[in-house]
Amino acid sequence: MATAMGAAGQSEWEVAVPEKPLKDKTYFENLKAKVIDTNLCSRCLTCAAICPGGITVVGNKVDFPDYETKCLDCGACVRVCPRFVYEPKSGLGDYIEFIAGRSKRFAGQDGAMVTELLVSALEMGMIDRGLFAGRDEKWATEMFHVREPEQLAITTLGGTKYTFADVLPALKEAVGFTKRGVGIVGTPCIVSGVRKLQQEYPIFRERVKLVVGLFCTENFHYGDISKFLQEKGVDFSKLIKTDITKGKFIATMSDGEKVKFKIKEVEEIVASGCGVCTDFTAVESDASVGSVGSEKGFSTVVVREEPAKKVIDFIKEKEHADFGEAKPEELDYLINLKKGREKNINSDAASS
Amino acid sequence: MMEIINTLMETVMSNQVSIPLIEPMLDSLPEIPMLQYMVAFMLWKPIFALLICPGLTVGGLSLLFFPWIERKLCGRAQWRVGPHEIVWWLGGVIQLLADSLRFLFQEVIVHKDAHRPYFLQFPFLSFMIFLLPLLFIPAGTIVAIQTPYAIQIILALVCLFPLFILGFGWASNSRFAYIGTVREAFMYFAYEIPFIIAAIAMIILYGTSDPLLMASRQSIPGIILNPVAALVFFIGAAMATGRMPFEIPDSDQELCAGPHVEYSGIAFGLIYVLCYEKGYILSALMTILFLGGGSGPAIAGLGDLSGVFWFVVKTYLVLTTLFMLRAVYPRYRLDQGLKLGWSPMLVMAIIGLAISLVVVAVRVI
Amino acid sequence: MEETEKDRNIRILHSGVFTPLRRWATKWSLWPCHFLTSCCGVELAHTGACGYDMERLGTLNMGISRQANFIMVEGTITRKMARALRIVWEQMPDPKFVNVIGACGQRGGIFWNSYNITRPSDIVPVDFFIPGCPITPEGLLRGVRAVQEKIEGRDNTTIRFKHVELPPGDGEENRAPTTPKIFAPTPLVRVDVPRDVDWAFGNDLVKNLKAQLNGLYTSITITEKNRIAIKTTPENLVETSRKLSDTMGVDHVKSVNVIDVPHERKFMVEYMVSGYTEELMPVILTIFTEIGREAEPEITSLASLWESANYSERELHDFFGVQFKGNKGMKGKFLLAPDTPDTPLRKDFKLEEEQYTIEEGVPLTPAITPPHYTPPSSSSPSYTESELEDLKMPAYEDVLKEAEKNDEFVAFIGPHHSGSGHLRWVMRMKGDIIKDVIPDPGYVHRSMEKIAENRLYIQNVPLTERPNISDPINMNLGYVRAIENALGIEVPERAKYIRTIMAELSRIGAFFYDMGIFPLFMGHSTGFMYSFAIREMVLELMVRMTGSRCTPSFIIPGGIRRDISDDVLDRTRNFTSAIHKRLKKYENIFVYNPVLISRMKEVGVLTREEAIRCGIVGPFLRASGVEYDVRKAEPYEVYDKLDWEATTGDAGDCLGRIFGRLEEIKQSVEIVRQAVDAVQGMPRGGVISEEILGDYKEASDDIRGYLYNVYGDLVLPKGEWTSVTEAARGTVLYSIISDGESNVPYRVRIITPCWMNLRGIIEASKGERVADFWTVYASFGYFPPEADR
Amino acid sequence: MKMKSMKKVVGPEYNLGDKIKTNVYAVGVAMQESVYPHTATVFYPRERKKMPDNFRGFILFDPDKCISCFNCSFVCPANAIRMKEAPNKRYYPTVDYGRCIFCHFCIDSCSGGALKATKIHDVAYKDMDAMFTPTEEMIELPEIIREDKKYVEYEIKEDDLHLKRTKGEDYLFVEVPPPKEIPMVSTCIDPGSCIGCRVCADVCEHGAISASVEDGGTLRMKIDTDECTGCGLCVKECSMQILMLNKLERE
């Protein structure tokens, strides 16, 4: 008889296997049929994060090349997909505090409160890394693990990206490396993905400590937007930031030149998954941040959960930020705009 | 006609190498026609000197085996064995045969920048000047051309060697060869004068420059009579043959063998033995000048060959000592070599000259 | 069928009337053109020396290609050297043979995915390959025998494997595992991670520095004992350095380093500086700054302030494309070949990945691209004019022009030259006086640093000794000590003593290597033979201790691979007395030889100031009067417990350098004796630190079976870990930068002593006579693979 | 302590007498050695130096002891060892001697003692392709050309090196006992986070990990501690990093 020394670990365990709607197909084929091909997919990449085989993005779509040979048919993708069984969330959600803030330390878009939240969490020791999306030379997003506050001096990390980033696969990596916890920033769909992962797997529950959501109306695929901008004559090597304000898309170049056009023009390249998204304020996050609802130069912070509250208290204590009044009612227009998309879900689901 | 042949035979027969040991054999020779004449011709002293000793045969064999002796001896002094595996029960004695045959059969490359005719001529011509001085060197009593000015002639002919080395370097038209050639030219001036003065000191001492007479006048060997001149002559010989510590012109590690860096195949083979040729001649000269030439206790039955034997033994002794320097000394720098040649050696050579004069004076008194 | 170049040689050999004679003669007269390209050359030297005596087989080493008929390619042929190999091969008369010895020349050996190597078989036809790294002399002689047999017509591999069928079975198909290497995503690269250390002088020093550098620095951190990191801005870099130089007595640069951090869009440039004053000796100040990661990043050079940074800056310009403004050598490449990839050490240049399984379609041989020039095809065996031009070594046109103006003679020496090693010197001389020497190194640059940042920490242990296999233990020790410092591991006492014994034996070996090559350059083969005979004894001890002659890879983080038996220790003590006896003879015939003394005395003089300015290290620095020996200044292992003296001198000439090392040999022998006595008084076993063994504590006296299990996932804490070690030829500096998460280092900077000494050779030989250049060169014990890394 | 222990070395200063003396010494050594040489040459190939048993030469392989743990392949600094699937679907090592650097890290990583060192080191290959040695050829000791009739050992007698020659052939392979057994076993530390991908079961070469779907939609994972060799492949491959090696205590 042999026994393992040390109580850590067990040699027998059980795993719940999710059900397959299409019995004779693999789980990925199920996912493909139910989510990806019906344009429900938000490209949050929760599936790619958990998949031991190799779900990835091909073009603008989530795909699994050679899934016939490489798919292990474990069902993890289906288990974690927030839209496999889609329960759309909307509205402003519950919150503990609704304030406007402006970081004293960071100068970013609006109040730079996203940065401030994560950095403060890093300084508190709540997390040992925050995940940020950065830009590479070609303006595509790349994930960045911020382990020390000073690293945020890198200019490409600040600012909204308006293109999808592979946040969750990076989160999976980060969870493997972390010792204290991970903080993450993401759009509402990504927040949903994180919550789903946390719901299913303890390892994420234990290690993802702070989830900051962003106010989001819609998002673009990198391929589409880059093509679009190039057609508008934007030189990527000079582009330093993009903004959407007051119905306008503004691209700022390093020499100060600005390229502006109406948001209507870009509407046709909005990612398909955004068409069914009803969540504007990232209802499931620990704290949501956005510019709407506060004065210029400030960010609106919707503190929803205890961890975020602690961080905000820390910021207040250290006086890293100015705080002001925020107006929840200013969000209503966009909340409702997105809530209106509920009808797309049904029609899409019906069409499939 | 017959008269001429008879006179010729007379000349030949009157100047035969006498070897008592093979006399009975020679007596039986007349039964075979012509062979008698041929043997007689071979044993005719000038021809014997030219073809056997100190000429082609012994000289050639020296070239073939002396490098082996040198390599074996140096190897021994260096805690190793030297050439060995080729016929290992004889200790690799035919190593040089293999090397020279390999060179013979190998491609001779004439590179683009070389002066083609001279590049090819010089190695072959250089072998000729090895043969010329041999005509005047007596082995014991056997000599090809006997002249009272033999020593001077030999010295003059030996001086041709550096010219050929200069020729190699010039014809090679390469940077390293150029530097090596210049060094050779410098060294030539450094050793030649003390070297000749040392030889002249001995000529004065013996009162003759006929090698045979010199040998007979060395009841006390010259090296004891005039050790200073002997030393100068020996160092001069080391310099002339480019031995350590004076391997300055063709220093392998600095100039990739200097003047002969571009040579390959048999052309290199001939150059490779050049310093052994020169070494052989200078050792022979040293034997004559300082070690009594072929004189030595007569060995019964060998007759004239007894002198040849002692001559060869002494020459080889000098040659071995000369070449063993390789195992003992590193290389001098050019300016040090020149300084050595121009100051201490010149002074010593003049001292040697003075000693000779003193010895002559004492003898006269 | 087309006749290959290889067949042609055999055809030539087998044609004509004299075939048997020709074959016989060629067989016994294979003169190898010793193509001493890299470390296998050490074993070639041993084969040529009295231990094995290659001359027995008629195989006389010949440095000149025209007269040789056999090339032994000793190890790596880099892109820069490839051309030289082809030229030498073309220069040799037919028939000619080529043996490639050492794994580097076959499928690349440990350097298989280096960016700078080629395969000799792509360049010249190869007759035999001899495996090993390095080969043993026996292997080399077996290769010679194989060629001899080939000439006789028996062309065979000399090993015959027996084929045994594997057991059949019906197991299930298994998934092949993925790579064990873990690369952290967007790693955090810090060189100034603070660490609490008990170092009173350091705290004072930091205070002092802060006062002196007021307003110039961004931060000053103590990162380890004796290590201080000073962060500054690119604009203030020069001013900071000048202040340090003027007020603190900082007088030399130990290392220059660039770290590429692509995800943060920056390069970090660091200068490790120190001073040869008594209190500053063990301290290393790291001045670092960050510059943007553009196509042509720029920073001001410090070479005008500290000459010792000059060559390192030029090297880093090759590696990263960083322009050091003010350094004159920023045009063209210094260490790399023209056809090596540009800026290869940037992180976006990727090396070939390892394969762990054999699958169909994946080639066995690594993808090494042959050099770009085209050898003529066998149908038209002569070169066209353009091909010939392509084959030529690049000439220094401007140097030639200037020399012509000044009526100087220019000689290009090397890279294949019997007295240059594999390094090219452009020597300008006027008459017999050297005006200037321009070095062209990099002929053995095998991209150690790039490879090291793509391998596991433990896999780098064999790698670190490859630059200098004549002194492998000290090279290893430096790397391993850097890891141990980082992890804070205390090595067991017994292991420390054994390490000291081996380090000193290795030092003795390296000195005897230098003392063997030096006579060779002086034309004194006896000195070479005697010295290598003694070295052969040292290698005999090495092989008994570790199982390998030259590349033991025996020192691992936390200790040594296995304990050493008492029999071997007894043997070690006996050998030390034998070394003394033979050394006496060596001294009498060579070192005290008046000819040699006259060659060395007052030749290549470097005064104390010059020596420090050039940044030379080790016994050569001590010979110029600087009393700096790492073993004394910052004692490691058990050097502070043993009774010995470091040597110093003040003449600074070749004589001082040689006699200093001769004395060090005697001191090392003394250390070995004392350490052997101490080890024998200790209980056996326990030579690996239990801290590092973790679950595998039972393996503490012999790691056999668990090396990978213990060390595979070794991760260093984040930060920069710098170790300085006194290797035989001077201070070897390893600087490992870890991100704290990957099990491969982020960057490894290796500054070998020979690289630092290169500048000294140039300075010392200026104004000397031409022949003295080789005296100076050899007196510095220059070992090109070590310098080029 | 630092400066005191520095020894100043001064090179010799020669006058004429010293010059003559040292000349005599140098010539003396050369003469003495040519008469009584201290030859240190091993006459390879006719004799061979006896290497110690721990010499690092060519590598042999015993498939019975191999646990297919890939450690040899992972640790190989030159990537010379690559695993090949055998007929019984297990992975066994192959060695490419065109890359092998004979560091024997593989042997030191082989906990089963399946890889063994020989003393073969003098081999010349005709072509590079033959340098790749498949598993089948690593099992038995290969034959090499041997011309040696004696073997030589270095010995110290009277404080000097002597070569002791013995008639006979030196053996090329010596069997060493397998390394100490340190049994480890894989366990799951966070069963809740298992995604049920069964990579661990797939990668396990010994079938020690079983995964069976029970009705009711649960997957039962089981690690058989008796079969588990503790190779750690499953631990390494687990994408959720929920497996761990633990020390095993056998009773």
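Side chains are part of it too, since the values below use all heavy atoms of this structure and drop only hydrogens, waters and symmetry mates. Numbered from 1 within each chain, the chains take letters A, B, ... in sequence-line order.
Proximity to chain A involves both the backbone and the side chain of M240(D), based on heavy atoms less than 4.5 angstrom apart. Neither the backbone nor the side chain of D224(D) comes within contact range of chain A, judged by heavy atoms closer than 4.5 Å. Heavy-atom distances place the side chain of R198(D), and not its backbone, under 4.5 Å from chain A. There is no contact between R205(A) and chain D, counting heavy-atom distances below 4.5 Å. Contacts between I209(D) and chain A at a heavy-atom distance below 4.5 Å are absent for every atom of the residue.
The shortest non-hydrogen separation linking C81(A) to K196(A) is O-CE, 3.8 Å.
Note: I195(D) leads D190(D), I195(D), I223(D) in heavy-atom pairs under 4.5 Å with chain A. Taking chain D as the reference chain and counting heavy-atom pairs below 4.5 Å, the highest number among E200(A), E206(A), E14(A) is found for E14(A). Note: G196(D) leads A211(D), G196(D), S186(D) in heavy-atom pairs under 4.5 Å with chain A.
Aromatic ring pairs are classed by plane angle as parallel below 30°, tilted from 30° to 60° and perpendicular above 60°; the pair F58(D) and Y125(D) is parallel.
The environment of NZ in K310(A) is sparse: at most 12 heavy-atom neighbours from other residues, nucleotides or ligands sit within 6.0 Å.
With hydrogens and angles left out, the side-chain atoms of S288(A) and R304(A) include a donor and acceptor closer than 3.5 Å.
Exactly one of E85(D), R90(D), H206(D) qualifies for a side-chain hydrogen bond (donor to acceptor under 3.5 Å, both in side chains) with S68(D). That residue is R90(D).
Using a 4.0 Å cut-off between charged side-chain N and carboxylate O, K50(D) and D170(D) make a salt bridge.
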